[in-house]
Trainee: 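The structure is given below, and queries will be raised subsequently.
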Amino acid sequence: QVQLVESGGGLVQAGGSLRLSCVASGLTFSTYTMGWFRQRPGKEREFVVRINWSDLATWFASFVKGRFTISRDNAKNTVYLQMSSLAPEDTTEYYCEASKDSRIWTSVSRYELWGQGTQVSVYS
């Protein structure tokens, strides 16, 4: 059974940092492109960042603006999202994603696997 389990969310003051983790099981982690998305209430799930499985290339949403970094540890089947300079508008649920295809799709339905999400709340 494939599972993606996120952790690391929480409450943080504006300007602070958080590191999210996503542990994958039931799949060959090293062959999957991994990503993070977020979904604010009443909005569609939106792309944040992805990291390729082969050359570790990364893609970021424009709103990240250098504040977030993504990394992966294939030995631990884990992908990380390091977030800094957090702002109240970053408050939402963050989801881990895994796909064999490394392309960036407009429609989130094109991505294969999802975790249950972890809540990030930033207060001013």
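Atoms considered below: every heavy atom in the structure, side chains included; atoms not considered: hydrogens, waters and symmetry mates.
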Trainee: In terms of heavy-atom contacts, does NZ of Lys76 have more than 12 from other residues, nucleotides or ligands at under 6.0 Å?
Mentor: no
Trainee: I would like to know whether Tyr95 and Arg38 meet side chain to side chain contact (heavy atoms under 4.5 Å, CB included); could you show each step before the answer?
Mentor: CA-CA 6 Å; Tyr95 296 89; Arg38 68 186 191 183; 5.8 Å; no
Trainee: Flag the pair Val108 / Glu44 as yes when at least one side-chain heavy-atom distance between them is below 4.5 Å, and no otherwise.
Mentor: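 Val108 does not reach Glu44 side chain to side chain.
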Trainee: If Ile, Leu, Val, Met, Phe, Trp and Tyr residues are connected whenever their side-chain heavy atoms lie under 4.5 Å apart, and connections chain through other members, are Trp36 and Val64 in the same group?
Mentor: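 Trp36 clusters together with Val64.
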Trainee: Check whether Thr92 reaches the backbone of Arg40 with its side chain - one donor and one acceptor, N or O, closer than 3.5 Å.
Mentor: yes
Trainee: Can you name the one residue among Leu18, Val122, Asp90, Ile70 that meets side chain to side chain contact (heavy atoms under 4.5 Å, CB included) with Met83?
Mentor: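 Only match with Met83 under side chain to side chain contact (heavy atoms under 4.5 Å, CB included): Leu18.
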Trainee: Assess whether atom CD of Glu46 is packed by more than 12 heavy atoms of other residues, nucleotides or ligands within 6.0 Å.
Mentor: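 Yes, enclosed.
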Trainee: So, the side chain of Ser84 versus the backbone of Arg67: is there a donor-acceptor pair under 3.5 Å, distance only?
Mentor: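 Yes, Ser84 side chain to Arg67 backbone: donor-acceptor pair under 3.5 Å.
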Trainee: Would you check if there is a donor-acceptor pair between the side chains of Ser99 and Asp101 at a distance under 3.5 Å?
Mentor: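 Checked: Asp101/Ser99 side chains show no N/O donor-acceptor pair below 3.5 Å.
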Trainee: Determine, using the 4.5 Å side-chain heavy-atom cutoff (strictly less than), whether Val49 and Trp53 are members of one ILVMFWY cluster.
Mentor: no
Trainee: Using the rule side chain to side chain contact (heavy atoms under 4.5 Å, CB included), only one of Met34, Arg50, Arg45 pairs with Glu97; which is it?
Mentor: Arg50
Trainee: Mind checking whether Tyr111 and Leu81 sit in one hydrophobic cluster, side chains of I, L, V, M, F, W, Y counted as touching below 4.5 Å?
Mentor: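 No; Leu81 is not reachable from Tyr111 via cluster members.
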Trainee: For residues Ile51 and Phe68: do they belong to one hydrophobic cluster (side chain heavy atoms under 4.5 Å, members Ile, Leu, Val, Met, Phe, Trp, Tyr)?
Mentor: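 Looking at the clustering, Phe68 is in the same group as Ile51.
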Trainee: Mind checking the OG1-CD spacing from Thr69 to Gln82? Nearest 0.5 Å is all I need.
Mentor: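 Answer for the OG1-CD pair, Thr69 versus Gln82, is 5.5 Å.
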Trainee: Are Leu4 and Val79 in one and the same hydrophobic cluster, where Ile, Leu, Val, Met, Phe, Trp and Tyr link if side-chain heavy atoms are under 4.5 Å apart?
Mentor: yes
Trainee: Is it possible for you to check whether Arg72 lies under 6.0 Å from the centre of the six-membered ring of Phe29, through NZ or CZ, and within 45° of that ring's axis?
Mentor: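 Flagged: Arg72 positioned over aromatic ring of Phe29.
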Trainee: Under 3.5 Å, side chain of Glu6 to main-chain N/O of Gln116, donor-acceptor pair present?
Mentor: yes
Trainee: To the nearest 0.5 Å, what is the distance between CG on Leu20 and CD on Gln119?
Mentor: 10.5 Å
Trainee: Give the C-alpha distance, both sets of side-chain angles, the deciding distance and a yes or no for side chain to side chain contact (heavy atoms under 4.5 Å, CB included) between Phe47 and Thr106.
Mentor: CA-CA 9 Å; Phe47 166 76; Thr106 301; over 6 Å; no
